[in-house]
Amino acid sequence: FEMLKSETKNFEFKFAKIYPYFTSNLVEACGELTPTEVRVCMLLRMSYPNKDILKKLDISNSTLTNLRSSIRKKNGLKRSESLTNFILSI
């Protein structure tokens, strides 16, 4: 199951307490991201490995690959550039 709404809100609340400016900085840097892309970025910011992101969001490996590719594209990152390093720099 994808994160339950209450679990998602709880996660987002806790995340905002730890990283108060990340989401607004992310939107400013990246522009239009889907809610799922934002959640992937939040999990990357917390240094979650891909296997844990897959479990947390209940998505397939190919879906995560597509999401990461989409986030890279929206930020003008080449495939050779680290998405995680980009996210950590925000």
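Values in this document were obtained by computation on a predicted structure and should not be read as measured data.
Sorted by first and then second residue, the salt bridge (Lys or Arg N to Asp or Glu O under 4.0 Å) pairs with a member in residues 73-83 read Glu37-Lys74; sequence neighbours excluded.
Side chains of Ile53 and Leu57 form a contact here, defined as non-hydrogen atoms less than 4.5 Å apart. Side-chain atoms of Val40 and Ile87, non-hydrogen and from C-beta on, never get closer than 4.5 Å to each other. Side-chain contact between Arg39 and Glu12: present, with at least one pair of heavy atoms (C-beta onward) separated by less than 4.5 Å. Looking at Cys41 and Arg45, their side chains never come closer than 4.5 Å, going by heavy atoms from C-beta outward. At least one side-chain heavy atom of Cys30 sits less than 4.5 Å from a side-chain heavy atom of Leu33. Looking at Ile59 and Leu67, their side chains come closer than 4.5 Å, going by heavy atoms from C-beta outward. Residues Tyr19 and Met42 have side chains not in contact (no heavy-atom distance under 4.5 Å, counting atoms from C-beta outward).
Atom CZ of Phe15 sits about 14.0 Å away from atom CG of Asn10, to the nearest 0.5 Å. Between atom CD1 of residue Ile90 and atom CG of residue Asn75 there is a gap of 6.5 Å, rounded to the nearest 0.5 Å. Rounding to the nearest 0.5 Å places CD1 of Ile71 at 10.0 Å from CZ of Phe86. Here the CZ-OG distance, from Arg72 to Ser80, works out to 8.5 Å after rounding to the nearest 0.5 Å. With rounding to the nearest 0.5 angstrom, the CE atom of Met46 is 11.0 Å from the CZ atom of Phe22.
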Stepwise, does the side chain to side chain contact (heavy atoms under 4.5 Å, CB included) test hold for Ser60 with Leu54?
-> CA-CA 6 Å; Ser60 69; Leu54 296 173; 5.9 Å; no
May I have the step-by-step check of side chain to side chain contact (heavy atoms under 4.5 Å, CB included) for Phe11 and Leu43, ending in yes or no?
-> CA-CA 10 Å; Phe11 167 76; Leu43 294 168; 3.6 Å; yes
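Tracing side-chain contacts under 4.5 Å through hydrophobic residues (I, L, V, M, F, W, Y), one reaches Val38 starting from Ile18; they form part of the same cluster.
By the side chain to side chain donor-acceptor pair (under 3.5 Å) test, Asn50 is found to be paired with Arg68, residues two or more places apart in sequence or in another chain being considered.
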